[in-house]
Protein chains: 2
Amino acid sequence: MNEGVEWAMHSCVNLSWLPGQAVTAKHLAAFYDLPTAYLNKQLQALSRAGILSSTSGPKGGFQLARDARKISLLDIVVAIDGADDAFRCTEILKAGPAANPKTDYVKTCHISRAMRAAELTYRRELAGQSIADIAEQVLTEFPAAPQNTRTHLANLKS
Amino acid sequence: MNEGVEWAMHSCVNLSWLPGQAVTAKHLAAFYDLPTAYLNKQLQALSRAGILSSTSGPKGGFQLARDARKISLLDIVVAIDGADDAFRCTEILKAGPAANPKTDYVKTCHISRAMRAAELTYRRELAGQSIADIAEQVLTEFPAAPQNTRTHLANLKS
DNA sequence: GTTAATCTACTCGGATAGCCAGTGTCCGAGTAAGGGCGG
DNA sequence: CCGCCCTTACTCGGACACTGGCTATCCGAGTAGATTAAC
């Protein structure tokens with residue numbers, strides 16, 4: 001899986017603590033000492049997917065495009081890594097001895113079915129977790145986290 | 001995900017219908033018109049993982065190393081694709097503002113937790129499906145499948 | 001006829017190239033703030 | 001003093017190299033059977 005998925009998720013959690021405020025890729029990268037340009041690339045992908053909204057120019061940056069409760073971890077994975085399943089059925093049965101050219105083996109092959117069922121549970125699990133859920137878990141463990149990120153961001157501005 | 005996973009699973013199902021018989025990589029590849037040498041590479045991986053047993057020389061080949069009910073789809077995925085999770089936590093929190101160097105963020109970071117939980121359901125689903133289960137599903141739909149594969153293999157020998 | 005040694009052909013096994021997606025970086029188009037100028 | 005315009009600096013956005021792993025292939029080590037020759 002793409003490295004940027006992790007960065008994107010952490011960045012989204014940070015952004016959830018700065019509602020209505022545009023944060024530049026440079027500042028978001030400074031949080032975890034990430035390469036600015038490459039993180040920017042990932043944030044662009046989130047922007048194209050409608051998860052973030054971007055603003056150009058001075059005072060510009062990224063912010064969450066919708067409520068953090070409406071942004072699931074699956075949304076981020078799909079935005080960064082693409083919507084394709086990890087297991088890709090190439091329908092090798094079509095070249096088999098008793099093959100029917102009209103059959104859609106992606107749906108009928110039992111191996112393809114089993115793999116797709118497993119990935120479905122995976123995606124369902126990720127779809128059930130939102131950025132707000134993660135943020136709330138962190139908040140429970142570290143109540144000062146939001147304020148810490150805000151002050152840290154303010155210090156970066158200097 | 002590695003292409004060979006699909007080939008390996010289909011080959012294992014075929015082998016489950018030829019118990020106690022060594023089938024060469026060449027013949028297994030002929031089933032679905034696959035590149036022989038590359039399929040051989042995947043079968044080697046299954047052999048190293050203890051899923052298949054290999055025999056060299058004339059009358060040699062591959063066969064299931066244990067009962068098909070004891071071979072899960074997860075076993076095959078791990079053998080071909082490796083045991084690493086798709087999502088790899090790089091502990092970027094260690095470079096964060098309020099980081100504790102002694103903390104194992106792979107286990108404490110809530111994002112890492114959520115991703116690992118999702119993958120766990122995925123692996124659990126795959127671990128619950130065996131080659132024998134798949135073979136039985138195919139058998140229910142196509143009762144003649146085992147005999148067809150045997151005759152097809154016999155024709156290849158000529 | 002029986003047996004044992006040799007030979008042969010066939011198999012797996014690992015070592016060797018080629019290619020594509022992910023990784024990393026850079027510079028240009030667009031924009032909004034800030035300053036200067038005129039009224 | 002107020003408002004408009006221009007400059008400027010800063011941001012995102014996409015275009016350009018580089019790398020590691022997957023894909024694909026080949027030839028060598030090892031083995032079991034077949035052949036042959038001797039007893």
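Sequence lines set the chain letters: A, B, ... in the order given, protein chains first and strands last, and positions in each chain run from 1.
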- request: Determine, for nucleotides 23-35 of chain D in 5'-to-3' order, which nucleotides have protein heavy atoms under 4.0 Å from the base (write B), from only the sugar-phosphate (write S), or from neither (write -).
  value: BBBB---BBB---
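Of all heavy-atom pairs between Tyr32(A) and Leu93(B), the closest is CE2-CD2, 3.6 Å. When all heavy atoms are compared, the tightest approach of Ser112(A) to Val106(A) is OG-O, 2.7 Å.
Ser130(A) and Asp133(A) form a side-chain donor-acceptor contact under 3.5 Å, judged by distance and modelled atom types alone.
Rounded to whole Å, the distance from CD on Gln44(A) to C1' on dC27(C) is 13 Å. Between the P atom of dT11(C) and the CG atom of Leu52(B) lies a distance of 17 Å, rounded to the nearest Å. Taking atom CG on Asp81(B) and atom C1' on dG21(D), their separation rounds to 11 Å, with Å as the unit. Distance CG (Leu43(A)) to P (dT11(D)): 14 Å, rounded to an integer number of Å. The CG atom of Leu34(A) sits 10 Å away from the P atom of dG24(C) (whole-angstrom rounding). The separation between Asp84(B) atom CG and dG20(D) atom P is 17 Å, rounded to whole Å. If you measure from atom CD of Gln63(B) to atom P of dT11(C), you get 15 Å, rounded to the nearest angstrom. Atom-to-atom, CG of Leu15(A) to P of dC12(D) comes out at 11 Å; the value is rounded to the nearest Å.
For the ring-ring contact (aromatic ring centres under 6.0 Å, His included) condition, the pairs that include at least one residue of residues 38-64 of chain A, sequence neighbours left out, are Trp7(A)-Tyr38(A). A side chain to side chain donor-acceptor pair (under 3.5 Å) check over residues 63-78 of chain B, counting only residues at least two apart or in different chains, returns the pairs Arg66(B)-Asp75(B), Asp67(B)-Arg69(B), Ser72(B)-Asp75(B).
Defining each end axis of the helix from dG1(C)-dC39(D) to dG39(C)-dC1(D) as the rotation carrying four pairs' C1' atoms onto the next four, with five pairs an end, the two axes are found to diverge by 0° to 10 degrees.
At dG13(D), none of the side-chain N or O atoms of Arg48(A) fall inside 4.0 Å of OP1 or OP2 (strictly under the cut-off). When the side-chain nitrogen and oxygen atoms of Thr24(A) are compared with OP1 and OP2 of dC10(D), none of them lie within a distance under 4.0 Å.
To the nearest 0.5 Å, atoms CE (Met1(B)) and CD (Glu119(A)) are separated by 6.5 Å. Note that CG of Leu43(B) is 8.0 Å distant from SG of Cys12(B), once rounded to the nearest 0.5 Å.
Annotation: side-chain contact (heavy atoms from CB on, under 4.5 Å) contacts of Lys102(A) (sequence neighbours excluded): Asn100(A).
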For residues 82-89 of chain B, which side-chain donor-acceptor pairs fall under 3.5 Å, sequence neighbours excluded?
| from | atom 1 | to | atom 2 | distance (Å) |
| --- | --- | --- | --- | --- |
| Asp85(B) | OD1 | Arg123(B) | NH1 | 3.4 |
| Arg88(B) | NH2 | Glu3(A) | OE1 | 3.2 |

